[in-house]
Amino acid sequence: MSEVRLQVQNLCKTFGVTKAVQNVSFDINKGEIHALIGENGSGKSTLTNMLCGIYTIDSGKFILDGQEVHPVNQVDANNKGISIIVQELGTLSGLTVAENIFLGHEDRFVKHGIKNANAMNKEAQTLLDKYGFNRIKASDMVDLYNFEDRKLVEIVKATYFSPKIVVVDETTTALSQEGREELYKHMRRIRDEGNTIIFISHDMQEILTMSDTITVLRDGVYIGTKPSCELDEDGLKKMMVGREVTGDYYRADYGEPISDEVVLSVKNVTVPGQIYDISFDLHKGEILGFGGLSESGMHEIGKACFGASYNRKGTVTLANGTQINSIPTAIKNEMAYTSKDRDNESVVMNQSIGDNICMPSLKSLAGALGVLSKKKMRNFANEYAKEMSVKMVNTDQFVSDLSGGNKQKVVLARWIGKDSDILVLDSPTRGIDIKVKQDIYQLMDRMRKSGKSIIMISEELMELIGMCDRIIIMKDGRLNGELMRNQDIDENTLIAKMV
């Protein structure tokens, strides 16, 4: 009989009129990876944020090893043996790597009111080396490192003190396959040491492979808990959605010819230190995929095409001869871009859902006289928020109040509303639940058929295989192979060109 580590008892949390968590109760055991799953807005992150002291509890309680706990902040949660690795960036700019690792626990290195930075750096570097992250230097400013490396710092920060519970909240969506394998290794180590992982992910196969037990929430309500070995992907989807998920998931067509019409031509593009001598054409009605490992340079491709790269050399040219050298030029010429780093580059967090959706379309919404109508903007925002199934109170709600997946829906809603002809989508389904992923894939397919052209950058290999007409593989900042859409392509085919 497994020993219970955490009891969730009658937990409730409300935001305005939204009942985010409604009277939820279940147990989590010691020495297990316990998956917590559900559609966007199901209450997963709200529940774990209460456990970690990020949100206050309205009613109900957590009982950890027989003692009731109600952390008032993340440092307090750490002191009680609870930590979290969040989906978005969880390190603080302006601090060193070491200062981020020991944030809230700096007093360990303070004597007579003076902080011993050398001792802090030395201990942090010992931890980084122990975790296999020795390329990261403890004394460096954390801002010197990319998104993925900063996530690796968070893994150290959240686990070095052997907490009883570690919440991994959609962290894998921010990591390449290499980074995921590192995270999986430490998740298994924590479990094998007798501690507990609460694992939140929208990747069904990842959930089934990594977890021992699965709990499903739906619209803030507890649905059930089952051993992972008793479920398959279809069973999980049915528990999450409440019905069978039917219809095509990825594209079903093969052998369709790509148009000869070139809509975007990239020639000899270089961004020093990131990508080198990149050339390719994007055709009308094509979904062109880019894949690779984390440091391959594929994410810089999107920025370079959208005019958002610093020190870019080479040319990005539209069919009409216009060169894309800046973001305003790109938007003016019906190009759209979604960044992998959603919170910092794709949405304005402290603005409303409506403002975010309307932002790229303000010129067309203003009309000939240049006057914006609040009613017109509200109707526009409502239409596209509804099309993307954003779970919200209304479009006046701040984007910062939304779950990660619902933020991503807002990002996509703004560009669908803009009706752009060329879309550069970097990790478009990151943090999106299974049903909305299907909706996005079907939307992309409709866009393709209507003559829109899409560049999709993704670390999800099956997503690339399932959706793209062509897949370009990046390695060490350079093009390293091109694959045409084919039923015989599998993940191993892509991986062989990545490594």
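Predicted, not measured: the structure shown is a model, and the values here were computed from it. Just the heavy atoms: all of them, side chains too, but no hydrogens, waters or symmetry mates, feed the values below.
Here T172 pairs with R180, L183, Y184, F199, S201, E206 under the side chain to side chain contact (heavy atoms under 4.5 Å, CB included) rule; sequence neighbours left out. In this view, K391 and E39, D219, N406 satisfy the side chain to side chain contact (heavy atoms under 4.5 Å, CB included) rule, not counting sequence neighbours. Contacts of Y55 classified as ring pair (Phe, Tyr, Trp, His ring centres under 6.0 Å), with partners at least two apart in sequence or in another chain: F15. Remark: Y145 engages no residue in a ring pair (Phe, Tyr, Trp, His ring centres under 6.0 Å) (not counting sequence neighbours). With sequence neighbours left out, Q397 forms a side chain to side chain contact (heavy atoms under 4.5 Å, CB included) with I353, M392, V393, D401, L402. A search for side chain to side chain contact (heavy atoms under 4.5 Å, CB included) contacts involving E182 returns F133, K185, H186, not counting sequence neighbours. In this view, Y276 satisfies the ring pair (Phe, Tyr, Trp, His ring centres under 6.0 Å) rule with no residue, not counting sequence neighbours.
The ring pair (Phe, Tyr, Trp, His ring centres under 6.0 Å) contacts involving residues 251-271 comprise nothing, where partners must be two or more places apart or lie in separate chains. Applying the salt bridge (charged side-chain N to carboxylate O under 4.0 Å, His left out) rule to pairs touching residues 324-334 yields E334-K418, sequence neighbours excluded. Residue pairs meeting the ring pair (Phe, Tyr, Trp, His ring centres under 6.0 Å) criterion with at least one member in residues 313-348, sequence neighbours excluded, are F306-Y337. Applying the ring pair (Phe, Tyr, Trp, His ring centres under 6.0 Å) test to every pair with at least one member in residues 205-228, sequence neighbours left out, gives these pairs: F26-Y222. The stretch residues 278-292 participates, sequence neighbours left out, in these salt bridge (charged side-chain N to carboxylate O under 4.0 Å, His left out) pairs: K267-D281, E286-R470.
The pair D445-K449 meets the salt-bridge criterion, since a charged nitrogen lies less than 4.0 angstrom from a carboxylate oxygen. With respect to E154 and K151, a salt bridge is recorded, a charged nitrogen being found less than 4.0 Å from a carboxylate O. Salt bridge D426/K303: absent, no basic N to carboxylate O contact under 4.0 Å. Using a cutoff of 4.0 Å between basic side-chain nitrogens and carboxylate oxygens, D253 and R448 are scored as salt-bridged. Using a 4.0 Å cut-off between charged nitrogen and carboxylate oxygen, D396 and R378 do not count as a salt-bridge pair.
When all heavy atoms are compared, the tightest approach of I455 to C305 is CD1-SG, 4.1 Å. Of all the heavy atoms in S42 and L217, the pair that sits closest is CB-O, 3.5 Å. Residues S326 and T329 approach most closely at OG-OG1, 2.8 Å, considering heavy atoms. The nearest pair of heavy atoms linking M444 to I454 is O-CD1, 3.9 Å. A pairwise comparison of heavy atoms in L208 and D232 identifies CD1-C, 3.8 Å as the closest pair. Of all non-hydrogen atoms in C358 and A381, the two that sit nearest each other are SG-CB, 4.2 Å.
Distance CD1/I101 to CG/L128: 4.0 Å, rounded to 0.5 Å. A distance of 4.0 Å separates OG1 of T48 from CD1 of I200, quoted to the nearest 0.5 Å. Rounded to the nearest 0.5 Å, atoms CD1 (I84) and CG (D169) are 5.0 Å apart. Between atom NZ of residue K313 and atom CG of residue D277 there is a gap of 11.5 Å, rounded to the nearest 0.5 Å. Note that NE2 of H34 and CG of D212 are 10.0 Å apart. Values are rounded to the nearest 0.5 Å. Atom CG of residue L412 and atom CD1 of residue I357 lie 10.5 Å apart, to the nearest 0.5 angstrom.
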(message) Would N49 and T46 count as a side-chain hydrogen bond (donor to acceptor under 3.5 Å, both in side chains) here? Give the steps.
(response) CA-CA 5 Å; N49 282 343; T46 300; 5.8 Å; no

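At distances below 3.5 Å, not a single donor-acceptor pair connects side-chain atoms of D143 with backbone N or O atoms of S93. No donor-acceptor pair under 3.5 Å is formed between the side chain of S458 and the backbone N or O of S427. The backbone N or O of I465 lies less than 3.5 Å from a partner atom in the side chain of R485, making a donor-acceptor pair. Not a single donor-acceptor pair under 3.5 Å links the side chain of R312 to the backbone N or O of P272.
N356 places none of its side-chain heavy atoms less than 4.5 Å from the side chain of K407. Side-chain contact between I198 and L51 is present, with heavy atoms from C-beta onward closer than 4.5 Å. Side-chain contact between M298 and M498 is absent, with no heavy atoms from C-beta onward closer than 4.5 Å.
Counting non-hydrogen atoms of other residues, nucleotides and ligands closer than 6.0 Å to CG of D260 gives a total of 12 or fewer. Residue K137 qualifies as enclosed at atom NZ: its count of foreign heavy atoms under 6.0 Å is above 12.
Between the side chains of T429 and E463, a donor-acceptor pair is found at a separation under 3.5 Å. No donor-acceptor contact under 3.5 angstrom links the side chains of R430 and T338, judged on distance only.
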